[in-house]
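A short worksheet on the structure shown next.
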Amino acid sequence: KGRIAFPEAEEILYAPRTPYLPPGTLREVLAYPKPAATFTADLCSTALVRVGLERLGQLVESTQRWDRELNEDEQHALSLARVLVHKAPWVIIDEVLDSLDDAALQRFVDIFTQDLPQTSVVHIGRSDAHHMFSRTLHLVIDPTAKKLSALKEPSATRLAVGA
């Protein structure tokens, strides 16, 4: 049994399975949905290096069609760089982890455990493949009522929602 509530006054970032890369400079892409001036070019470059996109570090003020310039893995890495720049207390990840190779998945885990240890992650996808989560909550359809059934006992701060 439990209650899910929207955390008031806390930023929530959403990482969809197909990253949204708005038009503009790379800094604008990383700052989205905030104004680019919210984050320094140095912070953005550092985040790009951290997620393995070193080659883009010098292009932070460049305007390109990033959705066309970057392959799918690079777009996911850019989405992770956005999370790193924002340092949001909540991140909702929709099936992104399921498509990452082992090296990218390990980088992802390292960033959340080392750089963003206070960030709570809600992952929508296969929960069996991701060891970074200390709690798993399975949402179960109950035709007789609207309730959640927890299949495992919660034990720490991270949360994965398994599909």
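Judged purely by atom type and a 3.5 angstrom limit, W66 has no side-chain atom pairing as donor or acceptor with the backbone of L78. At least one donor-acceptor pair under 3.5 Å links the side chain of R82 to the backbone N or O of V29. Side chain of T38 to main chain of K34: no donor-acceptor pair is present (N/O by atom type, distance under 3.5 Å, no hydrogens or angles). The closest donor-acceptor contact from the side chain of H76 to the backbone of A104 lies at 3.5 Å or more, if one exists at all. S45 contributes a side-chain N or O that, together with a main-chain N or O of A41, makes up a donor-acceptor pair within less than 3.5 Å. Between the side chain of E28 and the backbone N or O of A36 there is no donor-acceptor pair closer than 3.5 Å. Remark: the backbone N or O of A88 is paired with a side-chain donor or acceptor of T119 at under 3.5 angstrom. Using modelled atom types, one side-chain atom of Q75 and one backbone atom of D67 make a donor-acceptor pair closer than 3.5 Å. Between the R27 side chain and the F39 main chain, a donor and an acceptor come within less than 3.5 Å of each other.
L48 is listed as a side-chain neighbour of L26, based on a closest heavy-atom distance under 4.5 Å. Within the 4.5 Å cutoff, side-chain heavy atoms of L80 are placed close to those of I111.
For the pair E74 and R55, the salt-bridge criterion is met [side-chain N within less than 4.0 Å of a carboxylate O].
Across all non-hydrogen atoms, the minimal contact from L30 to A81 is CD2-CB, 3.7 Å. Residue R17 comes nearest to P19 through the heavy atom pair O-CD, 3.6 Å, listed as atom of the first residue, atom of the second, then distance. Here the closest heavy-atom approach between residue A47 and residue V85 is recorded as CB-CG2, 3.5 Å. For the pair V91 and I93, the tightest heavy-atom approach, listed with the atom from each and the gap, is CG1-CG1, 3.7 Å. The minimum heavy-atom distance between R50 and L84, with the atom names listed, is CG-CD2, 3.5 Å. Taking all atoms of both residues into account, the shortest heavy-atom contact from T25 to V60 is CB-O, 3.7 Å.
We find the CG-CG distance between L21 and L70 to be 7.0 Å, quoted to the nearest 0.5 Å. Here the CD atom belonging to Q64 is positioned 6.5 Å from the CG atom belonging to L59, to the nearest 0.5 angstrom. Distance check: H123 NE2 to D94 CG gives 8.0 Å after rounding to the nearest 0.5 Å.
With sequence neighbours excluded, no residue forms a ring pair (Phe, Tyr, Trp, His ring centres under 6.0 Å) with Y14.
With 3.5 Å as the limit, one finds no donor-acceptor pair spanning the side chains of D102 and Q106.
Both I12 and V122 are members of a single hydrophobic cluster when ILVMFWY side chains are connected at heavy-atom separations under 4.5 Å.
Residue-environment remark: CD (Q58) stays at or below the threshold of 12 foreign heavy atoms within 6.0 Å.
Applying the 4.5 Å side-chain rule to ILVMFWY residues, one finds Y20 in the same cluster as Y32.
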